[in-house]
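The next block holds one structure in the form of structure tokens; read it before the comments.
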Protein chains: 2
Amino acid sequence: MSETEPSWDFYRTFLTVLQQGSLSAAARELRLTQPTIGRHIDALENIIGFQLFIRSPQGLIPTEAAIDLKPHAEQLASNAAALLRAATGQGGGVRGTVRISASEVIGIEVLPSILTALHDRHPDLVIELSLSDAVENLLLQEADIAVRMVAPEQDALITRRIGGIPLGLHAHRRYLDKHGFPENLQDLLHHRTIGFDRESAFVQAIRKRVPLMDLMRPSFRADSNLAQLAAIRAGFGIGVCQVALAKRDPDIVRLFDKEFELPLETFVVMHENLKTTPRCRATFDALVEGLLTYMGR
Amino acid sequence: MSETEPSWDFYRTFLTVLQQGSLSAAARELRLTQPTIGRHIDALENIIGFQLFIRSPQGLIPTEAAIDLKPHAEQLASNAAALLRAATGQGGGVRGTVRISASEVIGIEVLPSILTALHDRHPDLVIELSLSDAVENLLLQEADIAVRMVAPEQDALITRRIGGIPLGLHAHRRYLDKHGFPENLQDLLHHRTIGFDRESAFVQAIRKRVPLMDLMRPSFRADSNLAQLAAIRAGFGIGVCQVALAKRDPDIVRLFDKEFELPLETFVVMHENLKTTPRCRATFDALVEGLLTYMGR
DNA sequence: TCTCGCTCATCTATTTTTGTATATCAGATG
DNA sequence: CATCTGATATACAAAAATAGATGAGCGAGA
């Protein structure tokens, strides 16, 4: 019942307990001890005046109040991490940690070689790669730089348009040997196809451009582009993937390269505040350069 | 030179020193003592590995590195405050602190009566009003709810359009008695007028709609709408202000009410995450309701 | 020039926080 | 049914952070 603001460390402890589910696990995570963590939670509960967890022999069960506070605590953690990244990058030169957000396909198939070259040039750079098709928010500092497939709307962001990465219809030779080549686009309806599970914004955009997609009933559905790519490689059926990726495997054949091509607009985005920090600047430039090369300009 | 993450409290101390300019002042602010603050800064400098401040008998002068880190620390503080607001608002019912961001005119001339009524209904509510024409960012949690004059672009925000608050040309009777009524809009060029100092986005929008504005050379310039309103009330000259505000003073006359009317689009905006918290919900609804009434529907 | 007010640095005593060890409880397993 | 592993809670000692007091530097104003 004090007037003072709680220690910010309590918030960190709170979040860790929330994430780990028990005082003991949180203590291991934070390299503290279980009684300490317990005292932090007690103190926080006393200050804010209500219970955050129900203690049980199996761990701590968060109350509704605690769940409501979780996003705030997570954001606090993001900011603290961003501050630390910014701090370690100080002192001139390209050094410190840079956190990149990208989609799974890009992150796994395209970025590694670009980042390898980047790190060869700047050995003091530590690279964090956060892969998710959910768009991480640069404003919330979840990442320093993002490779995006949608044009960002924020004006506090600096954006470099890469261009449209071409997508095409592909199938493995093994599949085609067994089921034959489709004669025309309509023929696709009688083939085994690979598509999306849920309706994302991206899927809706495709549908708009290619009405035929509406009619297709894919027999293999996954939201992960990576899983779709794997399915194509495994010879499951016909699916959409990046042309440049497919070319790497001589057994993957592109279909209807004249009739079907979908450009996937791509952008590299960074918060304006970071443009002067060497590590972000260098990474940003390397990503732009590397992606342009990947596209064959 | 430790491997461990610094205490988050160090960040708070760091920011306070940055804001206050001295260890002693920061100590007073945080209700700690000067040696403690000094140790925090020393510890932080040791962990991140470079100097944050140059000590002097006049206080602490931030290095460039410290200035670079400042925005991060400020955001951390915003989030911590937001978490605390969210915490005090727990427990059902409309209680706790709600932070509202609005422009100066709205905040001073329009909101007080709305907020008074709101507080009469919910005495446990604490209202923070942050007035600035700079748009505070809801995503950064600088405020819970904002009254905006530009349509928000973020999709994580829930927005309620109020409509166009009508702006009109006004002058005090005292001025008109002395200098006469302008015959037509062109005539304004020979009158004393009140306008903006710098080119804000808002001003440019006005110019686009009213080309005549380009020609006007206001003799009284202020970015603060409040100052402009005060100038009109003082009989300085002819200026633009909200029609509803001008009506309150019987000595202020509206000019060219047929030829000149500028609707100022207004929105009440809130972060989506807050829509279920009672205190924000109630405040949001009260603001929408109150502003609609203010506009006369 | 002297004093006052502000600053930061340092030393020491005290308070606070943390860690260690232990007790207890619940569930899984042989 | 005993045992083992996970969990939280508590008591007490160790460690760490804090407050308090003091010294010294710098600048403003009488």
Side-chain angles (χ1 to χ4, degrees), chain A residues 1-48 50-67 69-70 80, chain B residues 1-48 50-67 69-70 73 76 80:
Chain A
M1 204 47 79
S2 153
E3 259 305 310
T4 56
E5 188 190 352
S7 160
W8 287 8
D9 284 337
F10 291 171
Y11 298 146
R12 170 167 57 180
T13 303
F14 165 69
L15 177 62
T16 311
V17 172
L18 217 44
Q19 289 168 335
Q20 302 289 328
S22 81
L23 298 182
S24 313
R28 285 190 293 272
E29 176 78 18
L30 293 173
R31 304 186 178 206
L32 293 170
T33 56
Q34 169 256 321
T36 302
I37 303 297
R39 278 187 291 255
H40 283 185
I41 300 298
D42 288 344
L44 191 54
E45 286 179 336
N46 278 333
I47 294 174
I48 63 182
F50 54 90
Q51 207 174 8
L52 289 169
F53 297 96
I54 300 162
R55 276 79 166 164
S56 90
Q58 285 74 24
L60 269 70
I61 302 146
T63 62
E64 281 215 15
I67 293 170
L69 297 184
K70 189 178 184 192
Chain B
M1 201 51 79
S2 152
E3 260 306 310
T4 55
E5 189 191 351
S7 161
W8 287 6
D9 284 337
F10 292 171
Y11 298 145
R12 172 169 54 182
T13 303
F14 165 70
L15 176 61
T16 311
V17 173
L18 218 43
Q19 289 169 336
Q20 302 289 329
S22 81
L23 298 182
S24 314
R28 285 191 292 273
E29 176 78 17
L30 293 173
R31 306 188 176 201
L32 294 170
T33 56
Q34 169 257 322
T36 299
I37 303 296
R39 274 187 297 263
H40 284 185
I41 299 298
D42 288 345
L44 191 55
E45 286 179 335
N46 278 332
I47 293 174
I48 63 181
F50 54 89
Q51 206 173 8
L52 290 169
F53 297 95
I54 300 163
R55 276 77 168 167
S56 89
Q58 285 73 30
L60 267 70
I61 301 146
T63 62
E64 282 215 12
I67 293 169
L69 297 183
K70 189 177 185 191
L76 213 44

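Chain identifiers are assigned alphabetically (A, B, ...) following the order of the sequence lines, protein sequences preceding nucleic acid strands; residue numbering begins at 1 within each chain. Small disclaimer: the values here were computed from a predicted structure and weren't measured. Side chains are part of it too, since the values below use all heavy atoms of this structure and drop only hydrogens, waters and symmetry mates.
Without hydrogens or angle criteria, A/E45 side chain to A/F50 main chain gives no donor-acceptor distance under 3.5 Å. Between the side chain of A/R55 and the backbone N or O of A/F53 there is at least one donor-acceptor pair closer than 3.5 Å.
For B/Q58, the side chain to side chain contact (heavy atoms under 4.5 Å, CB included) criterion is met by B/S56, not counting sequence neighbours. Contacts of A/I67 classified as side chain to side chain contact (heavy atoms under 4.5 Å, CB included), with partners at least two apart in sequence or in another chain: A/P62. A/S22 pairs by the side chain to side chain contact (heavy atoms under 4.5 Å, CB included) definition with A/S24, A/A25, not counting sequence neighbours. Evaluation of the side-chain hydrogen bond (donor to acceptor under 3.5 Å, both in side chains) rule for A/S7 yields B/D9 as partners, not counting sequence neighbours. Remark: A/T33 engages A/T36 in a side-chain hydrogen bond (donor to acceptor under 3.5 Å, both in side chains) (not counting sequence neighbours). For the side-chain hydrogen bond (donor to acceptor under 3.5 Å, both in side chains) test, no residue two or more places apart in sequence or in another chain qualifies with B/R28. Listed by chain and number, the residues in a side chain to side chain contact (heavy atoms under 4.5 Å, CB included) with A/Q19 are A/L15 (sequence neighbours excluded).
The list of ring-ring contact (aromatic ring centres under 6.0 Å, His included) pairs with a residue in residues 16-36 of chain A, not counting sequence neighbours, is empty.
Contacts between residues 19-29 of chain A and DNA chain D, counted as heavy-atom distances below 4.0 Å, involve A/S22, A/L23, A/S24, A/R28. DNA chain D is contacted by B/P57, B/Q58 of residues 50-63 of chain B, taking any non-hydrogen atom closer than 4.0 Å.
Within the 4.5 Å cutoff, side-chain heavy atoms of B/V17 are placed close to those of B/L23. Between A/L44 and A/Y11, some side-chain heavy-atom pair lies under the 4.5 Å cut-off.
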Output one line per pair: protein atom, nucleotide atom from nucleotides 15-24 of chain D, and distance, for all N/O pairs under 3.5 Å.
{"residue": "D/dT18", "atom": "OP1", "partner": "B/H40", "partner atom": "NE2", "Å": "3.2"}
{"residue": "D/dT18", "atom": "OP2", "partner": "B/H40", "partner atom": "NE2", "Å": "3.2"}
{"residue": "D/dA19", "atom": "OP2", "partner": "B/T33", "partner atom": "N", "Å": "3.0"}
{"residue": "D/dA19", "atom": "OP2", "partner": "B/T33", "partner atom": "OG1", "Å": "2.7"}
{"residue": "D/dA19", "atom": "OP2", "partner": "B/T36", "partner atom": "OG1", "Å": "2.6"}

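In this structure, A/E45 atom CD and D/dT8 atom C1' are separated by 13 Å, rounded to whole Å.
Once you apply a 4.0 Å limit to the heavy atoms of chain A, the touched nucleotides of DNA chain C run 5' to 3' over C/dT18 to C/dG27.
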